[in-house]
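Fair warning: this is a prediction, and the values are worked out from it, not measured in the lab.
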Amino acid sequence: MRHSNEGDDRLDLRVFVPSLAVLAGVCLPLILFPEAGPAAISAAFAFATGNFGWLYLLAGLGTVLFLIGLAMSRYGNVRLGRPDERPEFSYFSWIAMIFCGGIGIAIVNWAWVEPIYYMQGPPFGVAPMSAEAAEWALTYGQFHWGLTPWAFYCLPALPIAYSMYVRRQPGVRLSVAARGILGRHSDGWIGVALDAVVVFGVVGGVGTSLGLAVPLVSQLVGGLFGVAPSLGLDLAILGLWTVIFGGSVWFGLSRGIRLLSDANVVLAILLLGFTFLAGPTLFMINGRTNSLGQMATNFLTMSMWTDPVTGSSFSRDWTVFYWAWWIAYAPMMGLFVARISRGRTIRELIVAELVWGSLGCWVFFAVWGGYALDLQISGALDVSAVLSAEGIPATVQAILGTLPFSGLVTAGFVALCFIFLATTLDSAAYVLASVTSRSLSGYQEPKRSIRIVWALILALVGIALIQLGGLKPVQTSTIVVALPLIPVLGLLTWSLMRWLREDFGTDPRRDHLVIDTPAE
């Protein structure tokens with residue numbers, strides 16, 4: 001009989017093989033049919049977001065309200081672990097890993113330019129490039145990277161962590177966390193299919209990150225060293241990333257991913273602090289204060305706005321797209337955050353994601369988004385024109401060039417990009433290794449060999465798709481997966497609430513609710 005802290009860390013071919021089959025089933029058509037494949041995926045995406053946009057919006061608002069209610073309830077006191085369980089990581093490292101694993105390089109890419117996009121095409125019939133458009137620009141940036149995205153991330157983490165640390169069921173998988181509803185079916189083909197889709201979502205999410213990161217870093221490195229962006233430069237950058245995140249995955253959570261995340265947060269704080277002091281400090285403070293008030297006042301409207309009368313595409317192109325993106329990433333984040341949250345309470349986990357995750361993103365948009373917006377409004381740089389003519393990488397490069405010590409700042413920014421993406425990639429490889437292991441306990445790490453296999457698979461997929469220009473279709477297909485994931489998230493929530501009522505339904509209120517013996 002195995003000890004309760006032990007599980008089976010061998011490779012589970014029942015999940016590994018179908019996962020690779022799903023991945024190949026999406027990637028091969030893109031390679032073999034470079035025109036028809038992406039067109040079919042784009043049509044599927046347009047169908048999902050065009051016909052079910054209302055469902056994404058309802059899911060977002062419902063998730064936020066559910067988690068706030070759960071945190072305020074007596075179930076918020078439930079400790080994710082044994083009665084004497086202490087948190088595995090310090091609070092700073094825990095928050096750093098949650099933030100860096102969930103946001104990755106996307107925040108350093110979009111924080112500069114997203115407000116400009118909103119200013120060019122604002123919501124609610126506001127005139128483009130007007131003063132009112134500028135106010136909504138900061139507000140919507142912080143809305144799309146605030147409470148609702150982090151609520152999507154948090155929702156699956158709770159039942160997964162509960163399954164591992166309260167019920168002590170072996171297996172770091174969504175199928176195991178759904179056992180409260182699926183029962184024995186979670187070990188059959190339904191569970192395998194669910195886990196295979198999760199693997200595809202994780203790999204597709206990594207494709208999204210690579211699609212943002214490689215062109216941006218190529219542009220910045222080329223500018224620093226006078227090298228023209230090329231396929232060779234792209235592959236060299238991807239190779240360096242593979243070495244960084246492969247080493248981090250090899251060393252595991254404590255000595256690899258944790259240290260990389262800590263360094264990431266420190267470097268981000270330094271660059272944000274420099275921009276805040278060197279840029280229009282008062283404008284950033286006023287912009288943040290104004291956008292917070294505008295978002296608080298209009299949160300329900302922004303969460304539910306479909307514009308059914310005039311039929312503008314703003315909600316579909318931005319809010320629905322983002323909610324689908326976050327939902328697609330949610331299983332990976334749920335698995336990763338659950339694994340690092342042993343010893344925390346349900347309330348602590350909800351606060352960490354909804355409060356600290358949102359605040360972290362808001363700082364990026366307040367400082368870097370505010371700086372870019374001030375450049376546009378003051379006329380110091382026509383950011384909008386650069387963005388329309390040359391794209392995002394060239395725009396970020398132009399904005400960085402307006403800062404004091406621009407060469408040094410750009411070099412620091414490139415380093416931040418490398419570390420940010422590496423933390424996302426090593427988190428992804430760690431999750432993939434966990435999902436494709438037979439029955440890990442919450443006290444085990446997956447085998448190094450399985451972690452390295454997934455690190456190499458991620459690198460190879462990235463190389464193939466960069467060479468073929470197929471990253472965008474993979475990103476889009478991942479987001480299409482978000483539609484069937486909505487009922488899956490509902491299933492996980494139902495499973496969690498059933499377990500909570502079974503285990504703590506009659507317990508009196510205590511500082512922390514724990515069970516000494518897990519229920520059968």
Side-chain angles (χ1 to χ4, degrees), residues 7-27 97 100-102 104 153 156-157 160 164 170-177 191-210 238 241-242 244-253 256-257 260-261 328-340 421-442 444-465 474-475 477-478 481 485 488:
D8 190 343
D9 62 356
R10 292 174 294 170
L11 181 67
D12 190 347
L13 293 176
R14 290 188 323 129
V15 178
F16 184 76
V17 173
S19 299
L20 291 185
V22 171
L23 185 60
V26 173
C27 293
M97 285 191 286
C100 295
Y153 280 178
I160 296 167
M164 288 194 295
V172 185
R173 297 175 181 170
L174 253 65
S175 59
V176 176
V192 170
L194 181 58
D195 294 325
V197 170
V198 168
V199 170
F200 168 68
V202 173
V203 176
V206 170
T208 301
S209 298
L210 288 170
L238 182 59
W241 254 314
T242 303
I244 295 172
F245 86 83
S248 176
V249 168
W250 174 265
F251 286 113
L253 280 175
I257 297 173
L260 203 59
S261 298
Y329 262 100
M332 170 191 150
M333 274 302 292
L335 289 159
F336 179 68
V337 171
R339 174 59 187 84
I340 64 176
L421 184 59
T423 55
T424 299
L425 295 176
D426 59 18
S427 301
Y430 190 92
V431 165
L432 291 167
S434 299
V435 172
T436 53
S437 297
R438 289 196 176 182
S439 58
L440 287 181
S441 77
Q444 284 182 294
E445 294 200 10
K447 277 186 174 181
R448 278 179 171 168
S449 57
I450 303 177
R451 288 183 249 160
I452 295 302
V453 164
W454 275 113
L456 293 175
I457 289 174
L458 291 177
L460 290 173
V461 169
I463 290 171
L465 293 174
V474 171
Q475 171 190 344
S477 62
T478 304
V481 172
L485 278 177
V488 170

Practice task
Please lay out, stage by stage, how Thr436 and Val453 fare under the test side chain to side chain contact (heavy atoms under 4.5 Å, CB included).
Solution key: CA-CA 11 Å; Thr436 53; Val453 164; over 6 Å; no
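Residues Val488 and Leu174 come closest through the heavy atom pair CG1-CD2, 4.1 Å. For Ser434 against Pro446, the heavy-atom pair with the smallest separation is OG-CG, 3.6 Å. The minimum heavy-atom distance between Arg451 and Tyr430, with the atom names listed, is CD-CD1, 4.1 Å. Nearest heavy atoms, Trp454 versus Ala429: CB-O, 4.1 Å. When all heavy atoms of Pro331 and Ala328 are compared, the closest pair comes out as CD-O, 3.5 Å.
Remark: Ala196 pairs with Pro18, Ser19, Val22 by the side chain to side chain contact (heavy atoms under 4.5 Å, CB included) rule, at least two apart or across chains. Scored by the side chain to side chain contact (heavy atoms under 4.5 Å, CB included) test, Ala428 finds Val202, Val206, Met332, Leu458 as partners (sequence neighbours excluded). In terms of the side chain to side chain donor-acceptor pair (under 3.5 Å) criterion, residue partners of Ser175 (sequence neighbours excluded) are, by chain and number, Asp195.
Leu432 CG to Phe16 CZ: the interatomic distance, rounded to the nearest 0.5 Å, is 9.5 Å.
For residues 13-25, the set of pairs meeting the salt bridge (charged side-chain N to carboxylate O under 4.0 Å, His left out) definition, not counting sequence neighbours, comprises Asp12-Arg14.
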